[in-house]
Amino acid sequence: MSDNNLLSSNSAPHSDVEDIKRRSNYLRGSLVETLEDRITGSIPEDDNRLMKFHGSYMQDDRDLRNERHKQKLEPAYQFMLRVRAAGGVVTPEQWLMMDRVAQKYANGSIRLTTRQSFQLHGVLKWNMKTTIQEVNEALLSTLAACGDVNRNVMCNPNPYQSEIHSEVYEWARKVSDHLDPRSRAYHEIWLDGEKIVDSLQDAEEQEPIYGPVYLPRKFKIGMAVPPSNDVDVYSQDLGFIAIVENGELKGFNISVGGGMGMTHGDPLTYPQVAKVIGFCKPEQIIDLAEKTVMIQRDYGDRAVRKHARFKYTIDDRGIDWFVSELSERLGWKLEEARPFHFDHNGDRYGWVKGSNGKWHFTLFIQSGRVKDEADYLLMTGLREIAQIHNGDFRLTANQNLIIANVSSHKKKKIEELIKRYGLTDGSHYSALRRNSMACVSLPTCGLAMAESERYLPTLLDKIDPILEENGLREEDIVIRMTGCPNGCARPMLAEIAFIGKAPGKYNMYLGGGFSGHRLNKLFKENIGETEILDSLRPMITQYAQEREKGEHFGDFVIRAGYVKEVLDGQQFHA
Amino acid sequence: MCAFERWIWLELQVTNSPFNQEQVELLNRLLPTLTDSQRSWLSGYIAAIQGTAAASVATAPQANTAAIAVPAALAPKEVTVLYGSQTGNGHGLSKKLSKKLEEVGLVVTMSSMSDFKPNNLKKLQNLLIIVSTHGEGEPPDNAIPFYEFLHSKRAPQVESLQYSVLALGDTSYEFFCQTGKDFDKRLEELGGKRLTPRVDCDVDFDESAAEWMNQVLQSLNEAGAGSSVVESVSAVALSDSTESEFSRSNPFQAEILENLNLNGRGSDRETRHIEISLEGSNLQYEPGDSLGIYPENHPQLVDDLIAAMGWNADEVVVINKHGEARALRDALLRHYEITVLTKPLIEQVVKVSGNEGLRKLLEPGHEQELRTYIEERDLLDLVQDYGLQQVAASDFVSILRKIPARLYSIASSSKAFPDEVHVTVRTVRYEAHGRDRYGVCSVQLAERLEAGDTLPVYVQHNPNFKLPENPDTPIIMIGPGTGVAPFRAFLGEREETGAGGKSWLFYGDQHFSTDFLYQIEWQRWLKDGVLTQMDVAFSRDTDKKVYVQHRMLERSKELYQWLQNGACVYVCGDEKKMAHDVHSALGAILEQEGGMSPEEAAEYLGLMQQEKRYQRDVY
């Protein structure tokens with residue numbers, strides 16, 4: 001395969017990024033030289049495109065941009081470094097490593113992401129190599145945490161049915177490993193790996209799955225274990241829904257073509273929910289994942305990046321086309337999808353005992369931000385737990401953290417630490433807050449148009465009293481916020497969502513499905529806090545008074561006529 | 001300056017000579033036709049006749065006097081003025097002196113010590129030296145070769161030499177005027193005769209320097225010049241019409257256009273970038289020159305001092321010899337130095353106060369104690385520690401030094417910023433002896449002056465820190481911290497003039513993120529090719545402290561190539577550590593890459609200095 005996607009329906013010239021990838025010699029570019037350049041803390045745009053494949057984005061502290069320009073200083077360039085672990089499972093040693101590098105090289109905090117990865121912010125160019133080396137020494141990696149490749153494979157960190165979880169998790173790891181880029185560039189650049197003299201070898205050997213220009217866009221895979229849809233399987237390019245019968249993992253239902261990102265004002269871009277296309281056995285999923293990725297590689301749009309996600313490939317050609325293309329490449333056919341049922345997409349907090357007799361504590365972490373505040377020493381508390389813990393840590397898809405596989409023997413000690421540091425399972429918060437997510441946004445994210453992580457807690461402080469007044473403090477309602485429409489916190493699936501338009505201004509969306517199965521719909525455009533609260537108040541009161549038994553807020557707003565139901569992403573803007 | 005022209009100017013008349021009309025005509029016909037050697041011969045001949053005559057005819061003083069006067073007028077004295085100067089003060093005074101000497105008919109050769117051929121020393125009759133002192137009693141860069149020659153075994157005996165030294169210094173340094181003292185002593189050892197005693201000047205040098213010049217003129221005059229010469233002295237007009245009316249002694253009240261901190265948030269440092277308008281001043285400067293700024297003392301310190309002494313802030317005190325008067329608070333704010341203690345000041349304080357404790361401190365055997373005491377202490381400490389409350393304000397201020405101007409290397413090219421001058425000032429704040437201390441000028445700039453305010457400034461020319469005349473000559477600039485300021489001027493100038501020479505900048509400070517002064521400007525110049533390459537060292541970003549000299553050594557091969565290709569090297573910034581380490585690094589590079597011995601490397605650098613290919617502006 002000397003080149004990719006000659007099969008794309010879009011015959012327009014390929015985008016610049018495609019050219020950068022093609023010229024990069026399998027993700028090398030001029031990174032070695034530009035990382036050495038001491039005159040600037042930045043790297044050139046071309047290399048930044050490649051940097052993503054290595055798990056990092058160049059950013060700058062946007063709060064300081066204007067101020068520094070006046071001071072004749074370049075922007076406060078820094079790097080976000082994403083450390084991935086399939087299914088979000090890490091050992092206490094790995095947690096301690098993250099804690100250490102966060103203090104030493106980053107801004108002193110760890111961000112748990114909505115894809116069960118870690119993010120470090122504020123790493124300076126000069127410290128990138130050492131940081132990546134320390135991450136790799138702890139057997140974690142940043143490779144392919146970003147970029148036009150398969151991203152971190154998500155997996156339900158189910159602490160209830162431990163055997164099933166561990167089986168599904170093993171499959172997640174295998175899929176993840178199989179789809180790792182093979183280029184040696186990562187080792188050469190960061191790990192002082194030996195440089196292969198003739199690196200322009202045959203593409204099949206370099207990147208047998210991806211080829212020299214990789215995928216047209218990012219590719220996301222998630223594995224759900226019903227009844228929990230915590231990984232938002234419908235938001236994934238490729239989803240696996242575990243089918244458990246009689247306590248045994250029988251296989252997976254396959255879903256394809258989900259995705260969140262869109263562009264404000266461009267109705268040709270839209271979020272989409274994945275469609276279930278059939279069932280296969282566990283041992284077939286690696287082959288299936290590989291062929292699915294290769295179909296997207298060959299058919300995805302390389303001319304227009306915002307039309308390059310797999311969801312558009314499928315919507316443009318139809319799901320039947322995909323199923324038949326897949327069968328052809330696999331040489332076998334999917335079975336008919338098996339029945340399953342999702343209850344929710346949030347986390348369940350506090351202590352639970354798994355079927356293996358071990359204990360699991362799910363900790364509520366606001367917006368996934370692990371750091372020490374004067375009155376809440378979360379980071380210190382977790383460090384001390386990691387020092388005595390001999391189970392593992394699991395990052396949830398909702399940016400929370402599970403202290404998992406705690407023996408009855410250790411439980412008391414860990415409980416003591418949880419108490420000493422006041423680590424919270426969120427029970428003293430409203431259920432709305434426990435079901436909230438926000439992306440990082442300002443000041444580091446270059447795409448952000450409005451605040452998110454820094455603002456959502458304040459907004460929740462103002463919504464909480466409305467819920468209290470209406471007796472809805474313990475009502476689970478999913479609320480999500482992002483600073484831009486790329487969808488990192490998967491806002492388009494939330495019952496209430498805010499997507500940033502401009503500083504202090506958001507588009508407000510309503511009506512997502514509680515179990516993550518239905519997209520929401522634009523309710524009001526470009527509104528500020530006052531209008532947000534003024535809109536929510538009567539709606540919440542009405543919900544408290546008129547809801548049917550077990551009716552979720554997202555369903556209610558549709559029945560009450562606030563928004564229309566969205567059954568397919570192509571109706572999102574309708 | 002040609003002797004023949006000088007001769008014409010001195011055409012004899014009956015009124016200005018002892019000759020009658022006929023003699024004058026004969027002499028005026030003969031003398032212009034003489035060559036230099038004929039004139040010398042004739043002057044020697046007459047002197048010889050005179051010697052013989054004096055021995056035989058002791059009773060003809062009138063005629064003798066006349067005869068002596070003739071050669072003095074016919075063969076004017078030659079005077080050599082040598083200066084050693086780092087900031088340009090010495091050079092400025094030399095020019096002034098030379099002008100005065102020429103006005104009275106003397107033949108003056110003025111040069112920097114580095115341009116003077118030491119072999120000529122033996123031939124000199126009159127030598128006037130103006131030299132400053134740096135750091136721990138060290139000579140300025142352009143005085144080093146001559147200083148070393150004079151103190152070496154090769155130095156000749158100079159019995160026929162008459163000389164005098166004007167030493168420039170600062171009493172707040174322990175080795176005050178040391179270089180001047182060394183020259184003075186050494187010339188005496190070599191047999192020279194002092195024309196007038198050496199004068200040591202403090203930072204406020206104008207008056208003492210003028211006095212020394214008058215003494216020098218007078219003694220040269222006494223030693224032989226005619227009365228006409230004295231008249232012409234008073235007729236000398238010192239103003240130079242091509243220059244601005246504003247100067248060190250008459251600073252320009254300049255408006256601040258911009259005042260911002262160059263250090264990013266989280267930095268331990270504060271460095272102000274100040275843009276100042278020179279509009280209407282006619283002040284001119286070139287890259288490498290400095291801006292003198294007269295600061296004001298911190299009002300808090302002044303108020304504390306007045307309170308500690310129980311003085312009345314409104315009391316009127318006399319601030320100079322001309323009897324100008326000011327309210328005490330104003331005088332302490334703007335006219336007097338109150339932040340530095342010096343030994344001479346303490347001697348004066350003992351005189352006006354009779355304080356026993358201080359007297360003891362000055363006694364022999366207490367030198368170290370005195371040194372330790374005056375370090376990082378100010379007048380407020382002194383009056384509090386020694387209970388000087390009984391001293392009257394008028395007595396106290398009469399012994400204070402005038403507040404000296406602060407010199408800052410100019411950070412702008414006037415071609416790039418017409419009518420503006422920029423300076424880069426690091427704010428000095430520290431704690432000592434239980435009190436917060438402030439750099440007088442830097443903290444005034446950082447805290448009490450903003451755009452729209454004015455401050456008194458003047459331009460201090462520095463001929464010892466100048467871009468090469470050839471625009472194609474490569475330049476290597478080494479300027480960590482605020483030492484980078486003049487290189488912003490250099491590159492601005494080279495950009496404006498389209499100079500083709502390559503350029504290489506070494507810069508360093510503590511942290512890359514916050515302390516990279518003028519970062520985006522260097523980046524732009526690098527992109528545009530005005531700056532060919534740049535190396536930076538940030539000492540606090542890594543476990544191992546890295547400084548500019550380490551970067552130079554890392555690039556030794558290339559750096560040596562540049563030197564071989566005739567590059568000029570400029571060093572600006574801290575003298576004690578940086579400039580010394582950079583000098584050693586240059587030596588090491590010459591040894592390593594050029595296969596030189598340490599002596600050869602030193603000689604190479606010495607030669608570079610002489611050729612003005614190695615210039616320093618260090619402080």
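In the text below, chain A, chain B and the rest are named by the order of the sequence lines, each starting its count at 1. Remember, predicted model here, so these are calculated numbers, not experimental data.
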**Item:** Contact class of B:Leu262 relative to chain A, heavy atoms under 4.5 angstrom
**Value:** both
Counting distance alone, with no hydrogens or angles, which donor-acceptor pairs between chain A and chain B are under 3.5 Å?
{"residue": "A:Ile39", "atom": "O", "partner": "B:Gln519", "partner atom": "NE2", "Å": "3.3"}
{"residue": "A:Ile39", "atom": "O", "partner": "B:Gln523", "partner atom": "NE2", "Å": "3.0"}
{"residue": "A:Glu67", "atom": "OE1", "partner": "B:Arg265", "partner atom": "NE", "Å": "3.1"}
{"residue": "A:Glu67", "atom": "OE1", "partner": "B:Arg265", "partner atom": "NH2", "Å": "2.7"}
{"residue": "A:Glu67", "atom": "OE2", "partner": "B:Arg265", "partner atom": "NE", "Å": "2.8"}
{"residue": "A:Arg68", "atom": "NH1", "partner": "B:Ser513", "partner atom": "O", "Å": "2.8"}
{"residue": "A:Arg68", "atom": "NH2", "partner": "B:Ser513", "partner atom": "O", "Å": "2.9"}
{"residue": "A:Gln71", "atom": "NE2", "partner": "B:Asn261", "partner atom": "O", "Å": "2.9"}
{"residue": "A:Gln71", "atom": "NE2", "partner": "B:Asn263", "partner atom": "O", "Å": "2.7"}
{"residue": "A:Lys72", "atom": "O", "partner": "B:Gln519", "partner atom": "N", "Å": "3.0"}
{"residue": "A:Lys72", "atom": "O", "partner": "B:Ile520", "partner atom": "N", "Å": "3.1"}
{"residue": "A:Glu74", "atom": "N", "partner": "B:Gln519", "partner atom": "OE1", "Å": "2.9"}
{"residue": "A:Glu74", "atom": "OE1", "partner": "B:Gln519", "partner atom": "NE2", "Å": "3.4"}
{"residue": "A:Glu74", "atom": "OE1", "partner": "B:Gln523", "partner atom": "NE2", "Å": "2.6"}
{"residue": "A:Glu74", "atom": "OE2", "partner": "B:Gln519", "partner atom": "NE2", "Å": "3.4"}

**Item:** By salt bridge (charged side-chain N to carboxylate O under 4.0 Å, His left out) - contacts of A:Glu137 (at least two apart)
**Value:** none
**Request:** Would you please name every residue forming a side chain to side chain contact (heavy atoms under 4.5 Å, CB included) with A:Asp16, sequence neighbours left out?
**Result:** none
**Message:** Test of understanding: with side chain to side chain contact (heavy atoms under 4.5 Å, CB included), list the residues that count as partners of A:Asn136, not counting sequence neighbours.
**Reply:** A:Ile132, A:Ser141, A:Tyr186, A:Leu191
**Prompt:** Is A:Leu73 close to B:Ile520 at the side-chain level, that is, under 4.5 Å between some pair of heavy atoms?
**Reply:** no
